[in-house]
Amino acid sequence: MREERVRVLKVGEEKRGPVLYWMSRDQRASDNWALLFAQSLALEKKVPLGVVFCLVEDFLGATLRQYGFMLRGLDEVKTSLEERNIPFFLLQGTPGTEIPRFVREENVGSLVTDFDPLRIKRAWKKTVMENVTLPFYEVDAHNVVPAFIASPKEEYAARTFRPRISRVLDEFLDGFPDPVNHPFPWRRKKAAGEGGAERLPSLPLDRTVGEVPWLRPGTAAGMGALEDFVRNGLAAYPGSRNDPVRDGQSQLSPYLHFGQIAPQRVALAVRSAPVSPEAKKVFLEEIVVRRELSDNFCLRNEDYDSLEGAPAWARKTLHDHRRDRRPYRYRTEELEGAETHDPLWNAAQMEMVKRGKMHGYLRMYWAKKILEWTGTPEEALDIAIGLNDKYELDGRDPNGYAGCLWSIGGLHDRAWPVRPVFGSIRYMNDRGARRKFDVDAYIRKVASL
DNA sequence: ATCGGCTCGCGCAA
DNA sequence: TGCGCGAAGCCGAT
């Protein structure tokens, strides 16, 4: 593994004791650089290795839908790790309290965690850091090119970020080593406690948004979806990705969001697939450049989920058009209930509510119409992020924040001809959608869900 | 079907 | 200081 993936969060005092990987964003037992680094430390010191996940009861308003997908995936992680003599502990509570307590109780010698640019995760790590004395490392197991290496600043657009990735991609896109059994058993084993899915009934969750039956959670299912896409979808991807009727997208984003599969595994599979160089290029642009640009945005911009995070030209133009007349106005509840005059928008909203996933092209259209139909750009952004985080399996992800800001706040985009309400933010309408795909067929498809 | 204009600012060449 | 060009478009002219 390239050592640039590792950042020392705290030098700490070296002492003998097991190595603990505090798993957070990258919820998988293989293809995980943070786990691999933790194991290499443990092997070097000849000590046990354990993995802990801290279950927060109310993570940014997450729902049964998202907790169900996550906890069922974690149960698979537990099984896979235990087969390799690595215990998995599912704690419940605030990481700032629970991780330092676990470290003390089990006499942990070194602590490793994975990388996440979101501010709540950074705040947790800061508290943990202040409450432990041992060495504490962070490994970017989510990005092919680690976010701290990719760029030292907030990038202006994909075109400024792309060359930074291309320069070093070959160095970082290396293969994952095979998992190995850990030779040193964890001794004073804390009581294992209930499994993840068993805890679902007792968690204080929003149960109005139920689990989705059509997408099976976990690493095995995610790897299956990847295999299926590479075999049956990748070749046609450039032509079908913007057609929500054909559904030419990879369906991998929920697995990627919860870290159940590694983006790097996806990139490796695509790179060696027997398809045209063009198809590979188009998909790698999505899976590497665009996805990692979202991490760059959230890492380098404190205001990644508010209009303050939008570029200055965009904030100005939206402000200049603040008082423009809005021909349609909807309240949050009307939007949430898919009760607008626009059947395409309603269908997109219904697809998200029912399936936990909205097609990529429609996400842009959907968010831009919220800007057009609500009182202020700030309100529009709050509603878009709120609905996305409530219903999408991949809510609360850097990609979601960057996507909403792209649609509403001109992020990573350029100026376009001036329109009412939008100013020079790129405008979209259903005529454009009709040029691209059979809108009525899509509406019928959603109605039959 | 295809094309140009719309419009802004970064990054690089000079 | 000038210039090319960009994350998924729209619209009207041809």
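By convention in this document, chain letters (A, B, ...) are assigned in the order of the sequence lines, proteins followed by strands, and residues within each chain are numbered from 1. What you see is a predicted model; the values in this text were computed from it and never measured. Hydrogens, waters and symmetry mates are skipped; everything else that's a heavy atom, side chains included, is used.
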Is the backbone of A:L387 close enough, under 3.5 Å, to the side chain of A:E336 for a donor and an acceptor to pair up by distance? no

Short of 4.0 Å, heavy atom to strand atom, which residues of residues 148-163 of chain A count as contacting DNA chain B? A:K153, A:Y156, A:R159, A:T160

In whole angstroms, how far is the P atom of C:dC10 from the OH atom of A:Y427? 8 Å

Using the P atoms only, state how far C:dG9 lies from B:dC10, rounded to an integer number of Å. 24 Å

In whole Å, measure the gap between the C1' atoms of B:dG11 and C:dA8 for me. 23 Å

Rounded to whole angstroms, how far apart are CD1 on A:I408 and P on C:dA8? 18 Å

Measuring to OP1 and OP2 of C:dC10, would you say a side-chain N or O of A:R435 lies under 4.0 angstrom away? yes

Quote, to the nearest angstrom, the P distance that separates C:dC5 from B:dA14. 14 Å

Taking the six-membered ring of A:F148, is the NZ or CZ of A:R7 close enough (under 6.0 Å from the centre) and on axis enough (within 45°)? yes

Cation over ring face, A:R265 and A:F176, 6.0 Å, 45°: no

For DNA chain C, what string of dots and brackets results from 5' to 3' when Watson-Crick and G-U pairs need both distances under 3.5 Å, crossing pairs get [ ], and pairs with another strand get |? ||||||..||||||

Salt-bridge contact A:D394-A:R291 (side-chain N to carboxylate O under 4.0 Å): no

Please determine if a side-chain N or O atom of A:K316 lies less than 4.0 Å away from the OP1 or OP2 oxygen of B:dC8. no

Send over the distance from A:R414 CZ to C:dC10 P, rounded to a whole Å. 13 Å

Between A:R322 and A:E378 (salt bridge meaning N to carboxylate O under 4.0 Å), is one present in this structure? yes

Rounded to whole angstrom units, what separation is found between the CZ atom of A:R419 and the C1' atom of C:dC10? 6 Å

How far does the P atom of B:dC3 sit from the matching atom of C:dG6, given to the nearest Å? 16 Å

In whole angstrom, give the distance that lies between atom CZ of A:R426 and atom C1' of C:dA8. 6 Å

Ion pair present between A:D440 and A:R444, side-chain N to carboxylate O less than 4.0 angstrom? no

How would you list all residue pairs meeting ring-ring contact (aromatic ring centres under 6.0 Å, His included) that involve residues 299-318 of chain A, not counting sequence neighbours? A:Y304-A:Y401

Whole-Å distance separating the CZ atom of A:R164 from the P atom of B:dG11: 8 Å

Got a salt bridge between A:E372 and A:K368, using NZ or NE/NH1/NH2 to carboxylate O under 4.0 Å? no

Please state how far atom CG in A:N429 lies from atom P in C:dC10, giving the value in whole angstrom units. 5 Å

May I ask you to verify if any side-chain N or O of A:N242 is less than 4.0 angstrom from the OP1 or OP2 atom of C:dA8? no

Taking atom CZ of A:R216 as the centre, report whether more than 12 heavy atoms of other residues, nucleotides or ligands fall under 6.0 Å from it. no

Pick base, sugar-phosphate or nothing for A:W313, based on heavy-atom distances below 4.0 Å to the nucleic acid. sugar-phosphate

Gap between atoms CG and P, on A:L318 and B:dC8 respectively (whole Å): 13 Å

NZ/NE/NH1/NH2 to OD/OE distance under 4.0 Å, A:D170 and A:R271: yes

Just to be sure I understand the rule, does A:M364 reach a base, reach only the sugar-phosphate, or reach nothing, if contact means heavy atoms closer than 4.0 Å? base

